[in-house]
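Please read the structure below before turning to the comments.
Only a predicted model underlies this, so the values are computations on that prediction, with no experimental measurement involved.
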Amino acid sequence: MNNIQLIVKNLKKTFNRRLVFDKLSFEVRAGERLVITGKNGSGKSTLIKILAGVMNESSGSFEYIFDSGKIDREDIYKIIGLVSPYLVLYDEFSAFENLKLFAKIRNLKIDDDKINQILEKAGLFNRRNDLVRTYSSGMKQRVKYASAILHDPLVLLLDEPTSNLDIEGKDFVDELVQNFRKDGIVVVATNETQDFKYGQRIINLDDYKNNQSK
Amino acid sequence: MKRAYYIFYKDFSSELRMRFALNALIMFVIVAVSTILFSLANEKVNQNVYAGMFWVVVFFSAMSGLSRTFVSEEERGTTLILSLIANPISIFIGKFLFNLVLLFFINTIIAFLYMILFQDFSIQNWDSFLLAFILGNIGIAGSSTIIAAIISKANVKGTLYPVLAFPVLLPLILMLIEITKSAMEGNPISDVEAELMVLISYDIIMITASVLVFDIIWRD
Ligand SMILES: Nc1ncnc2c1ncn2[C@@H]1O[C@H](COP(=O)(O)OP(=O)(O)OP(=O)(O)O)[C@@H](O)[C@H]1O
Ligand SMILES: [Mg+2]
């Protein structure tokens with residue numbers, strides 16, 4: 001049985017002297033959906049970036065365990081799909097070209113049909129050959145979703161998942177999270193109470209601000 | 001390796017559309033070479049001066065173009081997506097390949113311009129010049145790529161580049177000038193064996209060290 005697990009132990013992040021969070025520990029098992037919340041500046045996006053392996057933690061540790069083996073730091077990107085407002089795609093290419101490039105760089109064996117299928121699902125099929133720079137922000141958000149699920153990741157990290165999306169787009173995200181592989185993990189960082197429904201469990205980062213709190 | 005190739009391919013297609021680096025480079029080369037041409041018109045200068053002048057133009061054109069690889073990703077905010085689709089080593093190799101191709105392209109133009117515009121820039125020993133040209137481009141592309149990665153994370157991007165690159169590239173440039181001089185005088189390749197060995201060591205050390213430190217620079 002393939003089993004993914006995320007274990008965070010005593011995680012701490014500081015920028016220079018400013019503490020973002022400290023003594024953060026939690027575990028997420030396959031099939032679980034976790035919501036991270038907290039005030040503006042509480043470190044939600046910072047935590048998402050650390051969990052995606054693109055930013056270093058200051059101390060403590062986090063690891064992804066798969067099939068009872070730890071996933072190497074440099075392989076984390078293979079199992080992660082990330083969507084966030086600060087994620088920027090290559091806007092000199094079209095949505096299709098972006099996905100095609102990502103598939104090539106990731107060394108995935110998927111053909112154009114599969115890419116078109118994903119674009120269709122994201123509601124971008126008609127505009128798939130237009131440059132991303134000509135897209136509206138909601139459409140850009142949709143391409144990010146397409147690129148996040150392209151490689152069929154085990155872990156979905158969503159930062160402000162419904163920002164810029166219309167009702168249809170929100171439905172698409174609902175469906176995506178609902179139908180996301182049952183052996184996978186979803187972590188949602190959000191301040192929107194309406195997004196809390198995505199998780200079974202909520203962690204509030206405001207509780208990890210100083211050294212006294214436990 | 002395949003991944004690195006596709007990162008190179010991404011940059012290459014992007015460059016064809018956007019011309020981040022190429023336009024700046026070509027303008028620089030035209031301005032630099034014509035300035036030298038006009039200021040030296042009818043002057044009788046020592047042949048050796050051309051060897052130096054050739055690599056000076058190469059050095060500064062590398063400075064004006066090669067930092068774009070990482071700086072443009074950082075400025076446009078695409079660094080995140082890049083680190084989400086590939087591991088640091090593939091990224092470094094892909095960017096290095098891109099800079100290498102760009103450098104070969106530009107330097108071939110510079111060499112070509114020198115040969116048709118300056119009669120005194122005539123290579124007698126092609127073997128040693130070509131070896132120096134190839135090893136030199138590899139060394140310059142390697143150092144430029146890692147320095148570009150470092151400055152893309154700094155706040156003062158533009159100005160820092162030549163400042164950091166100069167001491168790193170100086171030994172390389174000096175060797176290249178020596179070999180070019182010797183090639184222009186028509187000396188046998190055995191005369192510059194020591195310099196060529198230095199070039200080879202420089203390239204190997206530079207690229208190995210870069211691959212090792214890139215991982216640390218990349219994830220801040
Ligand atoms: N690169 C950085 N350098 C220095 N400080 C940073 C950096 N990134 C974030 N911070 C700081 O870390 C803290 C947490 O930022 P973060 O973006 O993670 O908050 P957030 O919870 O996502 O906020 P929001 O709800 O506004 O999205 C903030 O105080 C911010 O100023
Ligand atoms: Mg945020």
Side-chain angles (χ1 to χ4, degrees), chain A residues 13 15-16 45-46 48-58 71-94 97-109 131-133 140 143-144 146-151 153 155-157 159, chain B residues 1-23 68-98 149-150 152-155 211-220:
Chain A
K13 180 68 184 177
F15 285 110
N16 299 316
S45 304
T46 304
I48 292 286
K49 285 186 221 170
I50 292 173
L51 295 181
V54 297
M55 183 184 263
N56 281 329
E57 66 277 23
S58 303
I71 293 176
D72 283 341
R73 196 63 180 248
E74 56 269 30
D75 290 331
I76 288 180
Y77 76 93
K78 292 179 187 165
I79 60 152
I80 298 281
L82 186 148
V83 177
S84 79
Y86 42 84
L87 182 69
V88 182
L89 302 182
Y90 294 101
D91 64 4
E92 71 272 32
F93 297 120
S94 68
E97 288 170 322
N98 266 288
L99 294 188
K100 178 105 187 174
L101 273 173
F102 299 161
K104 291 280 189 199
I105 294 173
R106 281 184 182 278
N107 205 7
L108 304 177
K109 297 191 176 36
L131 297 189
V132 169
R133 85 153 54 99
K140 284 181 184 158
V143 196
K144 294 179 198 175
S147 73
I149 54 173
L150 181 71
H151 52 295
V155 180
L156 205 53
L157 302 175
D159 197 353
Chain B
M1 234 12 232
K2 228 175 179 171
R3 295 156 194 264
Y5 165 74
Y6 281 109
I7 288 177
F8 161 80
Y9 173 80
K10 166 191 90 60
D11 281 358
F12 191 78
S13 335
S14 173
E15 182 64 39
L16 285 184
R17 286 195 195 175
M18 307 291 285
R19 308 279 160 84
F20 285 122
L22 205 58
N23 285 350
R68 301 302 310 162
T69 44
F70 286 110
V71 174
S72 79
E73 301 257 7
E74 196 73 29
E75 281 173 356
R76 300 157 67 214
T78 51
T79 307
L80 180 63
I81 187 72
L82 190 58
S83 36
L84 284 172
I85 54 175
N87 58 1
I89 291 182
S90 315
I91 295 173
F92 180 80
I93 297 174
K95 296 286 183 183
F96 166 72
L97 284 179
F98 176 74
I150 295 170
S152 73
K153 301 285 177 188
N155 298 323
V211 167
L212 291 178
V213 299
F214 182 71
D215 204 29
I216 302 163
I217 299 166
W218 187 240
R219 256 195 295 269
D220 51 356

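Both the backbone and the side chain of Ile105(A) come within contact range of chain B, each with at least one heavy atom under 4.5 Å from a heavy atom of that chain. Within the 4.5 angstrom heavy-atom criterion, no atom of Ile89(B) approaches chain A. Residue Asp75(A) does not touch chain B at all, counting heavy-atom pairs closer than 4.5 Å. Proximity to chain B (any heavy atom under 4.5 Å) is shown, for Ile79(A), by neither the backbone nor the side chain. Looking at Lys78(A), only its side chain comes within 4.5 Å of chain B, counting heavy atoms on both sides.
Across Gly53(A), Ala52(A), Ser84(A), the residue that shares the most heavy-atom pairs under 4.5 angstrom with chain B is Gly53(A). Among Ala86(B), Ala4(B), Ser13(B), the residue making the largest number of heavy-atom pairs under 4.5 Å with chain A is Ala86(B). Contact count versus chain A (heavy atoms, under 4.5 Å) is highest, among Leu84(B), Ile81(B), Ile85(B), Asp215(B), for Ile85(B). Options His151(A), Met55(A), Glu74(A) differ in how many heavy-atom pairs under 4.5 Å they form with chain B, and the most are formed by Met55(A).
Side-chain contact between Ile91(B) and Lys95(B) is present, with heavy atoms from C-beta onward closer than 4.5 Å.
Using a cutoff of 4.0 Å between basic side-chain nitrogens and carboxylate oxygens, Glu92(A) and Arg76(B) are scored as salt-bridged. A salt bridge is defined here as a Lys NZ or Arg NE, NH1 or NH2 lying under 4.0 Å from an Asp or Glu carboxylate O, and Lys10(B) with Glu73(B) meets this definition.
Note: Phe96(B) and Phe92(B) have parallel aromatic rings, judged against thresholds of 30 and 60 degrees for the angle between ring planes. Aromatic ring pairs are classed by plane angle as parallel below 30°, tilted from 30° to 60° and perpendicular above 60°; the pair Phe8(B) and Tyr5(B) is tilted.
Checked against a 6.0 Å centroid threshold, the rings of Phe214(B) and Phe70(B) count as neighbours.
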Derivation and outcome, salt bridge (Lys or Arg N to Asp or Glu O under 4.0 Å), residues Arg68(B) and Glu74(B) = CA-CA 9 Å; Arg68(B) 301 302 310 162; Glu74(B) 196 73 29; over 6 Å; no
